[in-house]
Amino acid sequence: MTDVERFFRRLVANLASSDPARLHHPIPLEDVYQSIIPYRSNRRALHLETSEDYEMVLLRLCAGEGDLVRTDPEDARVEFAEEVKSPNPDLDVLRRLEHVVISLRTEPLARALDPEPELETPYHAPLAAPPAPPIPGLDLPQLEAVEPDDVAEAEALFDDDPLPDEPPEPLLDGDRRADAAAPSTPRCLYCGDRLPADRAVRFCPHCGQRQVPAECPQCHSEVEPGWRHCVNCGHGLADTPLR
């Protein structure tokens, strides 16, 4: 995972725990570094040592690295990208440009909200070393053969001393037992309540918030919050309710 990806996931986690509705709306850039994910309280989680490292990662994110966010206006993103390529980037550009907003892209946001579990690396037992070649002139003692009666006698000794019973597994309460047996239940991105798992859900039945990306009413292509026109057909979206 890159520093930019780690920054993006931390941004999503902080918003999801404090104000989930903002995950789907443009976010002023100054809110990102001032209140949503400030350096002092997040530097350990971000694995960043200095505030300059923090600002450089934020600059890379806003410049479009990883295609994780969309930066508006576009000329601000271009200027950020030019500073990233510069041998001596001017980090003050993050505060100098006014009215810059970022929007979290749909697919990276979905991955950050529901990350797939990391696959464990399978354990491979080390190969046994080949037997050492015999040393000339060294006579090894011959082992005596074990008679069947001796084997039976040894087994009888172990049978007389059985192992103690294993302790029973602790029981879970009703809710936790049901959750452990049942598959993962979809939940609302906003209020966290459970969603019906046997049908397609466009809106939460508890809070009414949208659960799927909005569509252009003209061509039904996917559109994102803050767009004024559809990128597919050019239909105006400012005064048209999105479905």
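Along the sequence shown, residues are numbered consecutively beginning with 1. All heavy atoms count here, side chains included; hydrogens, waters and symmetry mates do not.
- For the atom pair CG (Asp90) and CD (Glu82), the distance works out to 12.5 Å, reported to the nearest 0.5 Å.
- Using a 4.5 Å cut-off between side-chain heavy atoms of Ile, Leu, Val, Met, Phe, Trp and Tyr, with links allowed through other members, Val4 and Leu94 fall into the same hydrophobic cluster.
- Val101 and Tyr33 fall into different hydrophobic clusters, where Ile, Leu, Val, Met, Phe, Trp and Tyr side chains are chained together by heavy-atom contacts under 4.5 Å.
- When side chains are defined from C-beta on, Asn42 counts as touching Arg10, because their heavy atoms get closer than 4.5 Å.
- Inter-residue side-chain proximity for Arg105 and Leu68 is flagged as unmet; no heavy-atom pair is nearer than 4.5 Å.
- The shortest distance between side-chain heavy atoms of Phe8 and Val12 falls below 4.5 Å.
- Side-chain contact check for His24 versus Leu109: some heavy-atom pair is nearer than 4.5 Å.
- Note that CG of Asn14 is 11.5 Å distant from CZ of Arg22, once rounded to the nearest 0.5 Å.
- In this structure, CG on Leu59 lies 9.5 Å from CD on Glu79, to the nearest 0.5 angstrom.
- With hydrogens and angles ignored, the 3.5 Å screen pairs a side-chain donor or acceptor of Thr71 with a backbone N or O of Cys62.
- Contact annotation: the side chain of Leu23 approaches that of Leu113 to within less than 4.5 Å [non-hydrogen atoms, C-beta and beyond].
- The cluster map of Ile, Leu, Val, Met, Phe, Trp and Tyr, joined by side-chain heavy atoms under 4.5 Å apart, puts Leu58 and Met56 in the same cluster.
- Remark: Met1 CE to Arg6 CZ distance equals 6.5 Å, nearest 0.5 Å.
- Summarising the local packing, CZ of Arg96 is surrounded by more than 12 heavy atoms from other residues, nucleotides or ligands at distances under 6.0 Å.
- There is a path of hydrophobic side-chain contacts, each under 4.5 Å, that joins Leu104 to Ile36.
- Side-chain atoms of His206 come within 3.5 Å of backbone N or O of Arg194 as a donor-acceptor pair.
- At distances below 3.5 Å, at least one donor-acceptor pair connects side-chain atoms of Arg77 with backbone N or O atoms of Ala63.
- In this structure, the side chain of Glu5 engages the main chain of Thr2 through a donor-acceptor pair within 3.5 Å.
- The shortest non-hydrogen separation linking Ser18 to Pro20 is C-CD, 4.0 Å.
- Put simply, Leu46 and Val69 are part of the same group of oily side chains (I, L, V, M, F, W, Y) that touch within less than 4.5 Å, one to the next.
- Considering only heavy atoms from C-beta on, Ile27 comes within 4.5 Å of Leu15 through its side chain.
- Between His235 and Cys219 there is no side-chain heavy-atom pair separated by less than 4.5 Å.
- In this structure, CD on Glu55 lies 11.0 Å from CG on Leu48, to the nearest 0.5 angstrom.
- Here Tyr54 and Phe7 bring their ring centres to under 6.0 angstrom of each other.
- More than 12 heavy atoms of other residues, nucleotides or ligands lie within 6.0 Å of CD in Glu74, so this atom counts as buried by the packing criterion.
- To the nearest 0.5 Å, atoms CZ (Arg187) and SG (Cys204) are separated by 11.0 Å.
- Within a 6.0 Å radius of CD in Glu107, no more than 12 heavy atoms belonging to other residues, nucleotides or ligands are found.
- Between His47 and Asp3 the shortest side-chain heavy-atom distance does not fall below 4.5 Å.
- Shortest non-hydrogen contact noted between Pro38 and Ser41 is CG-OG, 3.3 Å.
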